[in-house]
Number of protein chains: 2
Amino acid sequence: MANHPRSADKAGSKATIHEVAQRAKVSITTVSRAINSPSLVDPQTARRIWKAIDELSYYPDVHARSLVSGKSNILGLIVSDITNPFFPELVKGFEDAVVQHGYEVLVSSTNYDPERMALCVRRMLERQVEGVAVMTSEMQEHLVDQLVSRRVPTVFLDVGTPGAGISNIVVDYAHGINEAVQHLFALGHRKIGFISGPESLASAQTRRTAFLESMANHGLPQHAQWIRQGDHKVAGGVAAMNEMLALPDHPTAVMASNDLTAIGMMSAIRKAGLSVPGDISVVGFDDIWLAEFTEPPLTTVRFPRDQVAQQACLALMSDLTMRADASKPSEYRVETHLVVRDSTAAV
Amino acid sequence: MANHPRSADKAGSKATIHEVAQRAKVSITTVSRAINSPSLVDPQTARRIWKAIDELSYYPDVHARSLVSGKSNILGLIVSDITNPFFPELVKGFEDAVVQHGYEVLVSSTNYDPERMALCVRRMLERQVEGVAVMTSEMQEHLVDQLVSRRVPTVFLDVGTPGAGISNIVVDYAHGINEAVQHLFALGHRKIGFISGPESLASAQTRRTAFLESMANHGLPQHAQWIRQGDHKVAGGVAAMNEMLALPDHPTAVMASNDLTAIGMMSAIRKAGLSVPGDISVVGFDDIWLAEFTEPPLTTVRFPRDQVAQQACLALMSDLTMRADASKPSEYRVETHLVVRDSTAAV
DNA sequence: TCCGGCGATGGCAACGTTTTCATCAGGCTA
DNA sequence: TAGCCTGATGAAAACGTTGCCATCGCCGGA
């Protein structure tokens, strides 16, 4: 380590702009300018300064910077649970988009806990984030207020109504779900079931409604017994499917509100000695990474997480730059589409 | 929003400690004390202060705080790729452990890119993190130096040698791998193959070596054709397995360096018209979340990511508190263990 | 020759905290 | 009663930046 010049200098203690100035024989103001507005300083001088910066391996202290400028250069991202296979892609997409705009990201998980959600918001506020993307549904009124009253641009996923500094990304669940029903219909399925998500989750309700509507549009019967509730986890899919299989007459195809549920369903179907898609076709929702590698690979509706991430970033950036310009959309739409794999077949 | 008292006050601009002091009719010093060392202020006064804090919904500015104290209250975590199913659990575990100690976490992904790795380290340094957990292998000498010379406690996973402020978590790959070989041996397998990870990945090499050693210890032959290379992704597993299946005489069991590889293998085996575990037994490594839900559920060696995360946190905390105490272990061990599911059967 | 402007630089206040060093009133001990 | 400790408070100096307001040559136009 001793032979790396850059680290050899002031071991342990950070170099300050002061030391750089001293070494380059200029004032700290000039150093600051060389870094932030290079056009204002003489090229000769600038070179000297950069040399000093390099020799001291100096970098500005973000805290001091933020303190004086009031800007943190950070965008917050709140998700439910990084462990849920739905989110990592979203996080990554958001991160990539955000760094491209020169910002950094602070990620926080709520663990589906409203209390922890409050903590997340507080944390974001404390760190002076310049904008927040809330990609979870444990949102509560008063937390929104906290964000709003602090004038922090915020973008929600699928929740709430847009307004000043509040954007919303609305996902067109119905489109993909309709494609799915149509796909099953085309394969000859007439008896189609649905296993929904938790009652409390708004987006789960939306999916269920969209399914029912699409069924009606296709002139298909809605058998109450074939509409059951899961929990968006594997276990819920297993349980609901078992109930359905116990019915004297069960559907030939079942759609799930969520891929995890679909995976549980497939497991239950196999355990019952039936096959997918031979006996029952299965359609999921989300198209998590894993869907491609289940056996059989899962036909599912793709939730475009990358697009959502990008739009979220865009929405925030737009709020950040053209502040107080009310004429922008502030509502963004993304589509969902069916991805056909091998878990569906003709009846 | 107007009826939430807390948000109604100073909309838009943050309250400062000054305003709190003014409202509570004390000096800012006393306010600071009320917050940080409650024992030093009269209960009466404290009550007044907290009332003011509440009314203004004041919270301290972390930047100002960090600036003066030199402490950021943040621990960094560097991982390769949040999208890789191996990592989310690690991140979550670390986060949970760290917040329990009153710290916060800053996560950064390298995307396997050394350049971006440098950026990550820089970012951590800029933010004045008090410690860093490096859970990736794209580490380079000079980056370590940067950390070391800044006296930032660091903990590595499986890499490098411990030293002052440098801890290391060493994973006992051999133990679990040996259990796996033993398990296959007990099931009657004698022809056992292995598909390794990328050449460049140290931990992949370690796994391969451990496998070979265990084979030797069991007096089993090492057929060069049965040891092939993958890339720790699904595609690599498919390719390597196909090569193996094309052999005139293929193994009755194959172990993978990684679950993704094992999943690819299973897919290739099925495509070839053979069954798992009927024709070939498969063992993975890592025990990613998904392993439980493959078809058949994958027998694999569990990489204890939660333990690693906890130990990493512990190592950092210990470095942080008993600074300059050289007598601590600074090397932590975690075990790996076989998890038997349904992808292995008697020959 | 003088003045306005401009390019390059420096001085200094501010940002919101924590922290060290006083200050001050009581109450206790001697 | 003098001295001292103790508990409660304040004043002011940092912390490392940025940005405003000078300052200072120097050049070109009147």
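Excluded from the calculations below are hydrogen atoms, water molecules and symmetry mates; all remaining heavy atoms, backbone and side chain alike, are included. Letters A, B, ... mirror the listed sequences (proteins, then strands); counts begin at 1.
Nucleic acid contact for Ser66(B): none, since no nucleic acid atom lies under 4.0 Å from a heavy atom of the residue. Within 4.0 Å of Val26(A), counting heavy atoms only, lie sugar-phosphate atoms of the nucleic acid but no base atom.
A close approach under 4.0 Å does occur between a side-chain nitrogen or oxygen of Thr30(A) and OP1 or OP2 of dG10(C).
Nucleotide dG26(C) holds its P atom 14 Å from the CG atom of Asp42(B), rounded to whole Å. One atom, CD1 of Ile49(A), and another, C1' of dA8(C), lie 11 Å apart when rounded to the nearest Å. Per the geometry, NZ belonging to Lys25(B) stands 15 Å off P belonging to dT9(D), to the nearest Å. A straight line from NZ of Lys71(B) to P of dC15(D) spans 16 Å, rounded to a whole angstrom. Taking atom CD1 of Ile53(A) as the reference point, atom C1' of dG16(D) lies 14 Å away to the nearest angstrom. Taking atom CD of Gln128(B) as the reference point, atom C1' of dG16(D) lies 10 Å away to the nearest angstrom.
Applying the side chain to side chain contact (heavy atoms under 4.5 Å, CB included) criterion to Asp306(A), with sequence neighbours excluded, gives Arg302(A), Pro304(A). Residues satisfying the side-chain hydrogen bond (donor to acceptor under 3.5 Å, both in side chains) criterion with Ser69(B), sequence neighbours excluded, are absent altogether. With sequence neighbours excluded, the residues forming a side chain to side chain contact (heavy atoms under 4.5 Å, CB included) with Ala312(B) are Phe94(B), Ala133(B), Met135(B), Val155(B), Ile169(B), listed by chain and number. Under the ring-ring contact (aromatic ring centres under 6.0 Å, His included) criterion, Phe86(A) pairs with Phe303(A), sequence neighbours left out. Take Glu126(A) and apply the side-chain hydrogen bond (donor to acceptor under 3.5 Å, both in side chains) test, not counting sequence neighbours, and it matches Arg122(A).
Inter-residue side-chain proximity for Ser200(B) and Tyr112(B) is flagged as unmet; no heavy-atom pair is nearer than 4.5 Å. A 4.5 Å side-chain heavy-atom check between Val26(A) and Ile49(A) finds at least one atom pair inside the cut-off.
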Would you be so kind as to tabulate the donor-acceptor pairs closer than 3.5 Å made by side chains of residues 95-102 of chain B, with sequence neighbours excluded?
none

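Among residues at least two apart or in separate chains, side-chain hydrogen bond (donor to acceptor under 3.5 Å, both in side chains) pairs with a member in residues 41-52 of chain B are Lys51(B)-Glu55(B).
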Q: List the protein contact pattern of nucleotides 14-22 of chain C with one symbol per nucleotide (5' to 3'): B for base contact, S for sugar-phosphate-only contact, - for none; contact means a heavy-atom distance under 4.0 Å.
A: -BBBBB---
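One end of the helix from dT1(C)-dA30(D) to dA30(C)-dT1(D) points its axis 60° away from the other end's axis, with each axis taken from 5 pairs and the angle rounded to 10°.
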